[in-house]
Asker: 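Please see the structure below; I have some questions.
Keep in mind that this is a model prediction, so the values were computed, not measured. Throughout, a chain's letter reflects where its sequence line sits, starting with A, and its residues are numbered from 1.
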2 protein chains.
Amino acid sequence: MSEPTKFLLREEQIPTHWVNLLPDLPGDPLPPLHPGTKQPAGPDDLTPIFPMGLILQEVAQEPEVEIPEEVRQAYGLWRPTPLFRARRLEKALGTQTRIYYKYEGVSPAGSHKPNTAVPQAYENAKAGVKKLSTETGAGQWGSSLAFACSLFGLDCEVFMVGSSYDQKPYRRSMMQTWGATVHRSPSELTQSGKANAEHPTGSLGIAISEAVEVAAQDPDCNYSLGSVLNHVLLHQTVIGQEAILQMELAGDEPDVVIGCVGGGSNFAGLAFPFLRAGSKARFVAAEPAACPTLTRGVYSYDFGDTAGLTPLMPMYTLGHDFVPPPVHAGGLRYHGDSPIVCALVKQGLVEARAYKQNETFEAALRFARTEAILPAPEAAHAIRAVLEEAEAAKQAGEQRTILLNLSGHGHFDMSAYEAYLAGELEDPEFSEADMEAALERLPEAPAIA
Amino acid sequence: MSEPTKFLLREEQIPTHWVNLLPDLPGDPLPPLHPGTKQPAGPDDLTPIFPMGLILQEVAQEPEVEIPEEVRQAYGLWRPTPLFRARRLEKALGTQTRIYYKYEGVSPAGSHKPNTAVPQAYENAKAGVKKLSTETGAGQWGSSLAFACSLFGLDCEVFMVGSSYDQKPYRRSMMQTWGATVHRSPSELTQSGKANAEHPTGSLGIAISEAVEVAAQDPDCNYSLGSVLNHVLLHQTVIGQEAILQMELAGDEPDVVIGCVGGGSNFAGLAFPFLRAGSKARFVAAEPAACPTLTRGVYSYDFGDTAGLTPLMPMYTLGHDFVPPPVHAGGLRYHGDSPIVCALVKQGLVEARAYKQNETFEAALRFARTEAILPAPEAAHAIRAVLEEAEAAKQAGEQRTILLNLSGHGHFDMSAYEAYLAGELEDPEFSEADMEAALERLPEAPAIA
């Protein structure tokens, strides 16, 4: 085969360590703050809902963290994931630009999320925890945790954002097939759910509050988060480490690295190892115009959830009780973002762009009809950015190399494709007034620059 | 990693030839018969609906057929597929038996079907055909052909069996995403559809009649079949050729090779190369008790479709107008089977077994909760047979090596999982009376032994 389309690694090339970018950031990292005292939160503040193994990863200062052998074994179920050169898309675009994509949709749950679900379930099982509670947006995270819990014998309880629960009933069946219990959020089961009954479409912020509340009240139950936190991003760095080896196989180097951002974990997973390696690439984060945290939010301390149960984190935020319109990219409907990713945006090391729902599905269709894979609506935002970059390169008469994180498939998002194909997909408006009102309700905390 | 869980090949190890088992069969193969004259049908009888490239493959006598480079390039989008050792399932079963599975669900459409959709679209495009019509049961075949047509710039028109059309709306969206037109069968668009309005759940036999009718009437349109025919099984032999190399990597040899059978193509794809190589393995074909062609049918010449438009083929059949109950394994709801597979069963080289719907979903859940992949309902029949074989080995105090074809994932079959989890899945009864009646309507043709 003169023109390889994919670049594969052997099972023993699954990384042995995760890349911790914290020590690479300029200056001291801003600490999370206790939601009550507003003082820096230490490991002890997190023990009610997290096992010490993950807390130590959350605050780790070493540049690398070793991956437990049991986790590597479980990674072997689907990792290393393939890296493809998008030759057919390049041809359809008539571009000289080379487009590569790292495809995380080959995991059992269909996205990058099991990369962190597995070590989280492992550390909790090792600590003697019996059950994990969590939230899920589009269902990618909830099904990943359900899968990981089934591997390590844990019970799993998932609060699924109402709008996604209605749009994606089969994600619920998938979680149940792996043995999880699934509730529509806001639910009647928690104080946080009852307090948000007037937001029937729900939000990730509300669902997080419900799951944290359940974990805080049950000594056998811990909470598990699918993005945002340092240890979650840490776990995702297997993606970028593999991609570096695969780009070497391809004999190429990226000029632009692109991922979608909801909480930041798939983007970070691809980008951080390249940043660590001193890559000269530009890094582009694609988010929905309906929930434009990085492009329109303020940089401030804010809660990770709607009810204010989590520590305050330094991040771009639209306000912790802002409820984004129900776009199909449920995994991107989050008011905040990973503090590390936000710090990189703040420092100008990462560039953020926002896209509307219909233009992202247009990009998804273009991808599906050339590269064959049906992208998840979240990943379609990154594809949109790829098309823009390829066009910009053409206009500039340049030949660029683009590396995309195709973070998941859209097999459980076909109702969104159906709506798009029928011309019935909406471009819901981001409400500036709602954001302004939510920002007025930001918690009091030290200002950050 | 001391215990590898998967065995991967490099892209250049995609087979260069397909394995043609026809010359290996004892005696002269029984020819297909023209539906009108009942005389042996030659290549010319097939030209109204097939391109000559495929007709020559259908009747090829060489032991191998070269794979065109364009097809190998397209195979590279997802092949070689992985072979897994099911260590977690083995552990859960407490068995000493080693279980391997070749996973075809990594293809864009989610099953083995693109292995033949791609060369069929390629040969038709090369012959100047503008459009392909076809039927689909569960939707795996229709989406595979839609995908393949999108690669080679062909239009695609799919008649989807009514019961599957209703159960699996998102398969329809998937086909449309790849640019295909989809009709519920029986439709109002064809004579065959109108004549079967009293069977609203439809059947593969009816849908085939509709698609053949469309192709026969439009000079720019050919017909494409997803199983049964010799050239289709030929294309699937990439599966078994890769599996032979991968079992070598694992340092193991199968004692039992297992696949599900609807028309026979995924089973044949895995089994034929092992048969060619002189494997000592037993070969087990798993089919639904609701449509028990191999275990309850008669060995006779019969039409491939309900309306009697196709040539007569020598096969086990339940009668060409038998309408199987609407089980979720839509890909197995076919009255007949591949003539080659039937000949192997007749000669005792392949053993057939039938399973009920609930016991197959029980097996699917057991697989999903250990090996993480959610199997398609069709493949779940083969998994059921694997569990039986592993139990039989345990009872016999033996350590066997089982090789399974996990032909597809169940991402578009979650309504069936939902019904099973809710305890609402039926075990529809196979109607012996309906079969007897259908067998009385077998066409007059030479008897076969």
Asker: With a 4.5 Å heavy-atom cut-off (strictly below), which parts of residues 142-152 of chain A touch chain B? List them by number.
Answerer: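 Within residues 142-152 of chain A, the residues under 4.5 Å from chain B are A:Phe147, A:Ser150, A:Leu151.
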
Asker: How close do B:Ser415 and A:Tyr170 get, counting heavy atoms only, and between which atoms?
Answerer: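 Answer, listing the atom of B:Ser415 first, then A:Tyr170: CB-OH, 3.4 Å.
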
Asker: Taking ring pair (Phe, Tyr, Trp, His ring centres under 6.0 Å) as the test, write out the residues that go with B:His411, two or more places apart.
Answerer: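 Applying ring pair (Phe, Tyr, Trp, His ring centres under 6.0 Å) to B:His411 gives A:His409, A:His411, A:Phe412, B:His409.
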
Asker: Considering only heavy atoms, give the residues of residues 105-115 of chain A separated from chain B by less than 4.5 Å, sorted numerically, with 'none' for an empty result.
Answerer: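 A:Pro108, listed by number.
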
Asker: Side chain from CB out, backbone as N, CA, C, O: work out which of these in B:Arg172 comes under 4.5 Å of a heavy atom of chain A, or both, or neither.
Answerer: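 Contact with chain A involves the side chain of B:Arg172 alone.
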
Asker: With respect to chain B, which residue among A:Leu77, A:Thr177, A:Thr5 yields the maximal number of heavy-atom pairs within a distance under 4.5 Å?
Answerer: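 Among A:Leu77, A:Thr177, A:Thr5, the one with the most close pairs to chain B is A:Thr177.
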
Asker: Going by heavy atoms in the side chains, are A:Leu8 and B:Leu8 under 4.5 Å from each other?
Answerer: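 No - every pair of side-chain heavy atoms lies 4.5 Å or more apart.
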
Asker: List the atom of B:Phe84, the atom of A:Gly76, and the distance in Å for their closest heavy-atom pair.
Answerer: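 Shortest heavy-atom separation between B:Phe84 and A:Gly76 comes out as CE2-O, 4.5 Å.
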
Asker: Working to the nearest 0.5 angstrom, can you tell me the gap between A:Lys6 NZ and B:Arg79 CZ?
Answerer: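 Output value for this atom pair is 9.0 Å.
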
Asker: Under the side-chain hydrogen bond (donor to acceptor under 3.5 Å, both in side chains) definition, can you give me all pairs with a residue in residues 359-374 of chain A, not counting sequence neighbours?
Answerer: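 Listed once each, the pairs are A:Tyr101-A:Glu371.
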
